[in-house]
Number of protein chains: 2
Amino acid sequence: MLIARSTDYAIRALKYLAESGEEVAVSELTQKLKIPWPFMRKIMQLLGRGGFVASKKGPGGGFILLKKPEEIYLTELIKLFQGPVCLNECVFKKKVCANKRTCYLSKKLGEIEEYAYLVLSRINLKEIMEGGRNYGKTENN
Amino acid sequence: MLIARSTDYAIRALKYLAESGEEVAVSELTQKLKIPWPFMRKIMQLLGRGGFVASKKGPGGGFILLKKPEEIYLTELIKLFQGPVCLNECVFKKKVCANKRTCYLSKKLGEIEEYAYLVLSRINLKEIMEGGRNYGKTENN
DNA sequence: CAATAAAGATACCAACATGGTATCATATAT
DNA sequence: ATATATGATACCATGTTGGTATCTTTATTG
Ligand code: FES
Ligand code: FES
């Protein structure tokens, strides 16, 4: 799967923040987006570390968007929540395969990965917000 | 990951069978390819059910390739061992997302999946055998 | 016709990734 | 001071996948 749940939730949260424009507490996010509370918190914290949002503690505090929607690229979010986009990893996981350079399959998978990265790296939050008007409104669990 | 371990092992086994041309027992496969024995068996059984190989029981028995290498496509193997190639599944796993049709992200991921499928579906065993002379000789685990 | 060597079937186990939870510490507004 | 928010972090639960074990069935061969 290219996009994990955590990344998806992050997108929804960012979208909400972008539309709100002001400080939003996790409690509000979690209510509006129907996402489990502690999980949402974890995600917001990560977004904070990633520099996408700023946080304010105390009553009335919450999270606020730091970047413009058009500056938030999908690949950045994926990297933050799932690590680098990678589809052609040699099956001998951790260990590097000696044939990686010459392996035919690896080359082909690399092409796919390259294409995937290209497409994903062009998608930004603004596009998602405009392109998919109902993204994140999937209340049908 | 596009290609799982099981699929990879299957490719190696098929390659070996193709080069051998005659009945090969799992014991031989497992020795030559350095793949765990019971796992290899399971994989060969699946390949049998998938119609890629025929089996012969009893002493001297084993598996023999049923198709020509150029008729064995990577997507078929992936389907057999990992299920259908799918990269754009909506995060609400099992349940179908009502917005699937209009979701911008889903559309983009669909494009990637389509491309991936196109590339993979053109790759056959013969290509792999010729293109990557040392595929499956990764003895460096 | 035994004994043996193979595969068929199937249930089980272990490691890992991921989604999700809980807890305690810290900062801030009132 | 207290309530309300996040920061950090450790933990738990579930599912998938790689891997194992066991028992049955079929065929060869002496
Ligand atoms: S088998 Fe390792 S890169 Fe191809
Ligand atoms: S959120 Fe379900 S398809 Fe986009």
Side-chain angles (χ1 to χ4, degrees), chain A residues 1-10 12-13 17 22-31 33-64 66 78 80-83 86 89-95 141, chain B residues 1-10 12-13 17 22-31 33-64 66 78 80-83 86 89-95 141:
Chain A
M1 208 58 350
L2 282 170
I3 307 232
R5 198 105 138 214
S6 45
T7 310
D8 184 283
Y9 286 171
R12 299 179 189 214
L17 288 192
E22 46 177 22
E23 221 102 42
V24 177
V26 169
S27 57
E28 183 179 342
L29 282 172
T30 216
Q31 270 177 35
L33 302 178
K34 306 252 176 85
I35 293 173
W37 190 76
F39 196 27
M40 185 82 265
R41 284 210 46 195
K42 198 155 93 173
I43 286 167
M44 293 315 295
Q45 290 191 3
L46 242 186
L47 282 175
R49 279 183 225 149
F52 294 92
V53 300
S55 69
K56 210 174 93 187
K57 290 182 182 180
F63 294 89
I64 195 164
L66 275 185
I78 293 177
L80 186 59
F81 287 92
Q82 309 170 221
C86 176
E89 189 179 298
C90 174
V91 286
F92 294 106
K93 307 260 156 161
K94 326 284 175 191
K95 308 161 186 175
N141 355 359
Chain B
M1 207 59 345
L2 282 172
I3 307 231
R5 198 104 138 216
S6 45
T7 309
D8 183 283
Y9 286 170
R12 299 180 188 212
L17 289 192
E22 46 177 23
E23 220 102 43
V24 177
V26 168
S27 56
E28 184 180 340
L29 282 172
T30 216
Q31 270 177 34
L33 303 177
K34 307 252 175 85
I35 294 173
W37 189 76
F39 196 26
M40 186 83 263
R41 285 210 46 194
K42 197 155 96 174
I43 287 167
M44 294 315 295
Q45 289 191 3
L46 243 187
L47 281 174
R49 280 184 224 150
F52 293 92
V53 299
S55 68
K56 210 175 94 187
K57 290 183 182 178
F63 294 89
I64 195 164
L66 275 185
I78 293 177
L80 186 60
F81 287 93
Q82 309 169 219
C86 176
E89 188 180 297
C90 173
V91 287
F92 295 105
K93 307 258 158 162
K94 326 284 174 190
K95 308 159 186 176
N141 353 3

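Lettering of chains follows the sequences in order, A, B, ..., and the numbering in each one begins at 1.
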B:Leu80 meets the side-chain contact (heavy atoms from CB on, under 4.5 Å) criterion, sequence neighbours left out, with B:Leu46, B:Leu47, B:Phe52
The side-chain contact (heavy atoms from CB on, under 4.5 Å) partners of A:Thr30 (sequence neighbours excluded) come to A:Trp37, A:Met40
Looking only at non-hydrogen atoms, find the nearest pair between [X] and [Y] and report the distance.
| X | Y | answer |
| --- | --- | --- |
| B:Leu17 | B:Met44 | CD1-CE, 4.0 Å |
| B:Gly61 | B:Ala25 | O-CB, 3.9 Å |
| A:Leu29 | A:Val24 | CG-CG1, 3.9 Å |

Please report the distance, rounded to the nearest Å, between [atom1] in [X] and [atom2] in [N].
| X | N | atom1 | atom2 | answer |
| --- | --- | --- | --- | --- |
| B:Arg5 | C:dA15 | CZ | C1' | 11 Å |
| B:Gln82 | D:dG18 | CD | C1' | 13 Å |
| A:Lys34 | C:dG19 | NZ | C1' | 20 Å |
| A:Ile64 | C:dT28 | CD1 | P | 16 Å |
| B:Ile3 | D:dT16 | CD1 | P | 20 Å |
| B:Met1 | C:dC16 | CE | C1' | 15 Å |

Per the under-4.0 Å heavy-atom filter, residues of residues 37-49 of chain B near DNA chain C come out as B:Arg41, B:Gln45, B:Arg49
| message | Under 4.0 Å, counting only non-hydrogen atoms across every strand here, what does A:Ser6 touch: a base, just sugar-phosphate, or nothing? | response | sugar-phosphate
Please tell me if A:Ser55 has a side-chain N or O lying less than 4.0 Å from either OP1 or OP2 of D:dG7. yes
Ignoring backbone atoms, test whether A:Tyr9 places a side-chain nitrogen or oxygen under 4.0 Å from the OP1 or OP2 oxygen of C:dG19. no
Would A:Phe81 and A:Ile43 count as a side chain to side chain contact (heavy atoms under 4.5 Å, CB included) if you check the C-alpha gap in whole Å, the side-chain angles of each, and the deciding distance to 0.1 Å?
-> CA-CA 8 Å; A:Phe81 287 92; A:Ile43 286 167; 3.7 Å; yes
The side chain to side chain donor-acceptor pair (under 3.5 Å) partners of A:Glu28 (sequence neighbours excluded) come to A:Tyr16
Taken in chain and number order and not counting sequence neighbours, the residues that satisfy side chain to side chain donor-acceptor pair (under 3.5 Å) with A:Gln82 are A:Thr7
Applying salt bridge (Lys or Arg N to Asp or Glu O under 4.0 Å) to A:Lys56 and not counting sequence neighbours gives A:Glu23
Considering only nitrogen or oxygen atoms on both sides, find all protein atoms under 3.5 Å from nucleotides 28-30 of chain D and state each distance.
none

